[in-house]
Amino acid sequence: MAKKSEHPGYKQLREKGSRVVAGNRKLIAATSLMKAAGVVRNIKDTQKPFVTVINSYTNQIPGHAHLRILEEYVVKELKKLGYNVWRTNIGGAVCDGIAMGHFGMKYSLASRELITDQIETILNAHPCDGWIGIGNCDKIVPGMYNAMVRMNIPSVYVSGGPMLAGARGGDLITVFEGIGKNSTGNLSDSALDKLAMNSCPGCGSCAGMFTANSMNCLGEVIGLALPGNGTITAEVWANKKKTATKLNPARIKLVQDAAHALKDCIDKRILPLDIVTKKSIDNAFMADMAMGGSTNTILHTLALAATAGIKYDLKRINQISHKTPCICKVSPSRPEVHMEDVHEMGGIPAILKEVAKVSELDLNLPTVNGKLSTTVNKAPKPDGEIIRTNKKAFSKDGGLAVLFGNIAPDGAVVKTAGVEKDMMKFSGPARIFESQEEALEGILAGKVKDGDVVIIRYEGPRGGPGMQEMLSPTAAIQGAGIRAALITDGRFSGGTRGLCIGHVSPEAASGGPIAIIKEGEIIEIDSQKRSLNLKISKAEIDKRLKTLGKFEPKINRGWLGRYLQHARSADMGGVFDLC
């Protein structure tokens with residue numbers, strides 16, 4: 001990747017911080033406005049450093065509904081440390097669960113770029129000396145990570161924490177898969193209603209190793225967040241009957257600690273690009289393999305690398321996978337295990353401690369909390385059940401893999417941790433759907449049978465646009481008990497399980513070979529050999545690609561119309577061409 005030219009706004013912010021406006025008599029009108037907003041009380045206050053708390057509170061997302069309360073603790077702690085504190089809230093945050101299965105999901109991945117751009121706007125328009133991002137779910141987390149490396153000033157990310165599992169052990173995926181069971185008559189309407197009312201008991205990012213929690217965990221590993229960021233629950237049960245919840249004191253302590261971590265970064269001049277390197281990205285993928293994270297982690301971690309100016313080859317991910325055993329499986333891969341269970345057994349540091357024995361994990365890398373080894377060395381040994389030893393790993397290879405072949409010359413991603421052993425190698429006839437909606441309708445109508453390979457195309461970053469998640473069709477397949485594979489140039493929820501292959505690159509809208517597959521043609525998948533192929537000749541593929549018509553965008557106006565003009569392919573993380 002070519003070295004990016006220095007952005008004058010970023011450079012000014014990094015070199016001068018709040019001094020761009022604070023204490024500048026030529027810009028003293030700004031001080032007048034700061035006093036009017038209650039940020040400073042007098043001219044003398046402007047001599048103190050400024051920090052910005054960028055929250056993403058909204059009650060449209062359960063993982064964010066309590067962030068306003070956590071913000072108060074952060075702000076109070078920062079003021080104790082002697083800072084002037086600006087506080088603001090970003091918009092455009094999307095709950096993937098609520099947006100799932102309808103047009104709104106097209107905005108989910110696009111919101112990541114929107115969030116990063118908003119943070120750039122806030123920090124350059126109101127210069128400060130450091131900032132804390134408070135997020136939790138889906139695209140808000142990687143959006144904040146990308147902003148940290150883009151702006152490259154002292155910063156710390158802290159999440160709101162995972163949701164508790166339901167009192168009976170269910171979670172959001174229990175509900176989604178219940179829809180599939182209901183469609184086949186294996187679950188009554190009243191039982192489905194009961195599932196919906198009892199599976200998500202309170203605030204927090206959904207309870208399994210879905211995208212939000214996966215990315216919050218990887219923040220710890222990369223070094224942009226504190227230990228416990230991904231596993232300390234948002235709430236605890238308020239009574240023994242588990243009928244009410246309350247805010248977790250340990251989560252409050254973590255956000256207070258984040259304020260002190262930011263001070264340390266400011267004082268020692270620790271910058272995000274000192275932390276995010278090719279080695280820390282390697283560490284993230286090793287952790288990802290070990291904990292069986294969401295396929296979306298590959299998309300977002302590649303986006304982080306691209307934003308940081310790091311060229312990262314997808315084949316490197318497979319090399320890491322071959323050396324990193326999967327020692328932890330959480331819902332959806334193990335429906336009975338949730339994030340609270342992982343935390344009880346030592347959390348991410350415990351996973352890292354064990355996997356470091358056999359992988360090339362580098363524990364000497366810097367984080368916002370000192371070296372990674374500081375926490376890992378204190379972690380407990382594996383309990384053997386929630387976190388297994390390397391010798392008794394769920395699989396010798398990691399929980400994620402990148403497949404290559406004539407369908408995906410630039411790669412495709414599968415969560416092998418969620419694939420049954422007898423499905424690792426699979427072949428069958430293609431059942432073609434040109435959109436997620438068409439696929440869901442077909443699955444629920446019984447058009448997909450055992451042995452089929454479902455193809456959902458024109459759902460990539462440009463084709464969708466927005467690369468919407470495919471939780472509804474995958475959950476419908478699981479819920480209906482159909483033994484079928486699914487391949488898409490779109491992506492999957494972290495809640496997806498089964499032989500589901502996404503991120504096919506190039507996507508159909510960019511003239512990728514997935515666009516030329518015909519109904520009934522045989523697809524061969526070998527997850528162990530990392531291959532994905534259409535059983536026709538290269539000459540026939542080339543012939544079809546030459547005659548493939550020009551892609552006509554589904555949307556040509558508004559935010560999504562602008563988004564698809566700049567979104568890069570999934571193998572580049574789906575970031576903008578000017579990230």
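Note that the structure is predicted; figures quoted are calculated from it, not measured. Just so you know, these numbers use all the heavy atoms, side chains as well, and skip hydrogens, waters and symmetry mates.
Listed for the S510 side chain is no donor-acceptor partner under 3.5 Å among the backbone atoms of P506. Listed for the E459 side chain is no donor-acceptor partner under 3.5 Å among the backbone atoms of T488. In terms of modelled atom types and a separation under 3.5 Å, the side chain of E235 and the main chain of C203 share a donor-acceptor contact. Side-chain atoms of E220 come within 3.5 Å of backbone atoms of N229 as a donor-acceptor pair (strictly under, hydrogens ignored).
Ring geometry for F285 versus Y312: interplanar angle of 30 to 60°, hence tilted.
Inspection of the D362 and N283 side chains reveals no N or O donor paired with an N or O acceptor under 3.5 Å. A donor-acceptor contact under 3.5 angstrom links the side chains of R251 and S159, judged on distance only.
A distance of 8.0 Å separates OG of S111 from CG of D138, quoted to the nearest 0.5 Å.
With a 4.5 Å cut-off on side-chain heavy atoms, L226 and V158 do not count as touching. Looking at heavy atoms from C-beta onward, F210 lies in side-chain contact with S331 at the 4.5 angstrom threshold. R112 is not listed as a side-chain neighbour of I115, based on a closest heavy-atom distance of 4.5 Å or more. S205 is listed as a side-chain neighbour of N216, based on a closest heavy-atom distance under 4.5 Å. Looking at heavy atoms from C-beta onward, Q478 lies out of side-chain contact with F176 at the 4.5 angstrom threshold.
For E438, the CD atom sits in a packed shell: over 12 heavy atoms of surrounding residues, nucleotides or ligands are nearer than 6.0 Å. Heavy-atom neighbours of K323 NZ from other residues, nucleotides or ligands within 6.0 Å: at or below the threshold of 12.
Residues passing the side chain to side chain contact (heavy atoms under 4.5 Å, CB included) test with A570, sequence neighbours excluded: L299, M467, H503, S505.
Within the structure, every pair that satisfies the salt bridge (Lys or Arg N to Asp or Glu O under 4.0 Å) test and touches residues 385-395, not counting sequence neighbours, is listed here: R334-E385. Contacts classified as side chain to side chain donor-acceptor pair (under 3.5 Å) and involving residues 425-434 (residues at least two apart or in different chains) are given here: R431-D452, R431-E519, E434-R457.
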